[in-house]
Asker: 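Quick one: the structure is below, questions incoming.
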Amino acid sequence: MIEIEGVSHAFGDRTVLQDVSVRLGEHRIGVIGANGSGKTTFARLLNGLVLPQSGSVRIDGLDTRGQAKQVRAKVGFLFQDPDNQIVMPLVEEDVAFSLKPLKLATSDLDRRVDAVLGRYGLANFRTHPAHALSGGQKQLLALSSVLVRDPAYVVLDEPTTLLDLKNKALIEAAIDDLAATVICISHDLEFLRGFERILVFEAGYLAFDGAPDAAIAFYVASQTCQ
Amino acid sequence: MAGLFGAGIAVFLLSDLGMLLGFLALSLAALAAARLPPSYIWAQIRPFVVMISLFLAAHAVLTSFETGLVVVTRFAVMVVLGLLVAMTTRLSAVIAILEKVLAPIALIGLDPAKAGLVLSMTIRFIPLVGEAYRDISAAQKARGLERNFLALMVPLLIKLLQRADAISDALIARGVDD
């Protein structure tokens with residue numbers, strides 16, 4: 001369960017979130033909103049990348065303020081641009097890097113790296129340089145590096161924005177298949193229509209919270225009326 | 001790596017040209033045995049051929065041709081062995097060795113694992129810096145500013161700083177400092 005209570009946050013003079021309170025227990029949660037509406041800041045609250053200036057964020061009872069390490073073990077985060085997330089030169093090295101804190105035996109580490117790369121069709125690219133991968137492959141590699149830790153939650157910040165149609169379909173299929181709870185920020189409204197719940201952010205407020213069809217209709221109406 | 005270090009010491013203690021040429025032949029045989037693509041090997045060695053030629057010419061003028069041959073043969077052995085180690089050793093193994101060698105820095109409060117991470121990330125992001133430069137260069141060329149140093153360097157610097165910020169967030173999200 002994700003519990004966000006009375007959260008407000010500002011960057012300098014700019015308020016980005018205002019008094020947001022929500023409890024999220026569903027398995028697939030979408031987050032939509034115009035640029036600058038606060039949805040990325042909201043996403044970053046969930047793994048402690050942003051600590052709220054007021055209010056609290058709890059993930060399965062763990063407070064992001066005092067228990068960030070435990071929160072990050074539970075919450076994986078996929079950024080919009082995989083080139084910012086992949087930090088090691090080779091494919092297998094980047095996935096193995098995620099497992100370094102666990103201090104696993106080499107055989108266990110190799111097994112887990114093999115399993116996740118095989119799952120996302122990257123097994124034949126194990127020793128390839130990361131920069132030589134296509135956009136979709138890079139995002140799959142970034143996703144593999146997140147999932148190899150078996151997080152209970154995966155937050156995805158516009159995971160397909162930089163991808164072409166084919167790679168977008170690849171990533172969306174991978175997201176559909178995840179066992180973890182997914183919180184996905186996206187401008188792809190049709191993809192989020194298959195989710196269980198959608199939060200709509202507007203000027204830092206949680207403007208709508210409900211079923212996908214109603215949330216999308218609210219959002220589209222709010223954008224076309226301006 | 002230890003072998004490379006030992007070979008380096010041995011090569012510089014030898015001054016007999018015949019023995020050095022024998023050492024070079026063995027190194028080239030080891031490189032051939034690694035079965036790396038010849039075109040790839042040549043691409044790596046080619047810059048050193050120019051350097052070796054310059055060293056030989058300099059010695060021929062300043063000392064003697066024979067001394068020059070000894071010096072460039074030593075250099076050639078190290079280039080071939082260095083290439084062999086670099087092409088057949090995983091970066092992760094090199095980083096692991098570096099972290100072990102740097103272990104004493106922990107005594108002064110520094111983290112050897114972070115030194116290894118810095119090296120890995122440097123290698124990882126070099127191609128991206130090149131890509132960023134090419135993108136900006138193309139954009140500025142479209143504006144007729146391809147010869148303007150500031151028009152190239154300022155956006156590049158800003159882009160790299162923004163990327164560094166984003167990478168920092170990604171490292172935190174991946175629990176690097178936890």
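Side chains are part of it too, since the values below use all heavy atoms of this structure and drop only hydrogens, waters and symmetry mates. Here is how names work: the chains are called A, B, and so on, in the same order as the sequence lines, proteins then strands, and each is numbered from 1.
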Asker: Determine the option with the most heavy-atom pairs under 4.5 angstrom with chain A, choosing from B:A170, B:A113, B:A164.
Answerer: B:A170

Asker: Give the minimum heavy-atom separation between A:M88 and B:L117, together with the two atoms involved.
Answerer: SD-CD1, 4.4 Å

Asker: Is it the case that over 12 heavy atoms from other parts of the model lie below 6.0 angstrom from the CE atom of B:M153?
Answerer: yes

Asker: Give a yes or no on whether A:E5 atom CD has more than 12 heavy-atom contacts from other residues, nucleotides or ligands under 6.0 Å away.
Answerer: no

Asker: For residues B:P127 and A:P129, determine if any side-chain heavy atom of one lies less than 4.5 Å from a side-chain heavy atom of the other.
Answerer: no

Asker: A:F11: which residues meet the ring-ring contact (aromatic ring centres under 6.0 Å, His included) condition with it, sequence neighbours left out?
Answerer: A:H9

Asker: Please lay out, stage by stage, how A:Q85 and B:I167 fare under the test side chain to side chain contact (heavy atoms under 4.5 Å, CB included).
Answerer: CA-CA 6 Å; A:Q85 185 154 3; B:I167 292 163; over 6 Å; no

Asker: Side-chain atoms of residues 55-62 of chain A: list all donor-acceptor pairs with protein atoms under 3.5 Å, sequence neighbours left out, distances to 0.1 Å.
Answerer:
| unit_1 | atom_1 | unit_2 | atom_2 | d |
| --- | --- | --- | --- | --- |
| A:R58 | NH1 | A:G61 | O | 3.4 |
| A:D60 | OD1 | A:M1 | N | 2.5 |
| A:D60 | OD1 | A:Y153 | OH | 2.6 |
| A:D60 | OD2 | A:K74 | NZ | 3.0 |
| A:D60 | OD2 | A:Y153 | OH | 3.4 |

Asker: Which atoms form the tightest heavy-atom contact between B:D169 and A:R44, and what is the distance?
Answerer: OD2-NH1, 2.6 Å

Asker: Output the residues of residues 90-97 of chain A for which the shortest heavy-atom distance to chain B is under 4.5 Å, in residue-number order; output 'none' if no such residue exists.
Answerer: A:E92, A:E93, A:D94, A:F97

Asker: Quick one: CD1 on A:I86 to CZ on B:R124, what's the gap to the nearest 0.5 Å?
Answerer: 5.0 Å

Asker: Write down the atom of A:P89, the atom of B:I123, and the distance for their closest heavy-atom approach.
Answerer: CG-CG2, 3.9 Å

Asker: If you count every heavy atom of other residues, nucleotides or ligands that lies below 6.0 Å from A:L165 atom CG, does the total exceed 12?
Answerer: no

Asker: Going by the rule ring-ring contact (aromatic ring centres under 6.0 Å, His included), which residues pair with B:F75 if we only count those two or more places apart in sequence or in a different chain?
Answerer: B:F55

Asker: Name the region of B:L171, side chain, backbone, both or neither, that has any atom closer than 4.5 Å to a heavy atom of chain A.
Answerer: side chain

Asker: Do any N or O atoms from the side chain of A:R72 and from the backbone of B:R174 form a donor-acceptor pair under 3.5 angstrom?
Answerer: no

Asker: Side chain from CB out, backbone as N, CA, C, O: work out which of these in A:N47 comes under 4.5 Å of a heavy atom of chain B, or both, or neither.
Answerer: side chain

Asker: Identify the two heavy atoms, one from A:V87 and one from B:M121, that lie closest to each other, and give their separation to 0.1 Å.
Answerer: O-CG, 3.5 Å

Asker: Nearest 0.5 Å, please: how far is CG in A:D83 from CG in B:L128?
Answerer: 4.5 Å

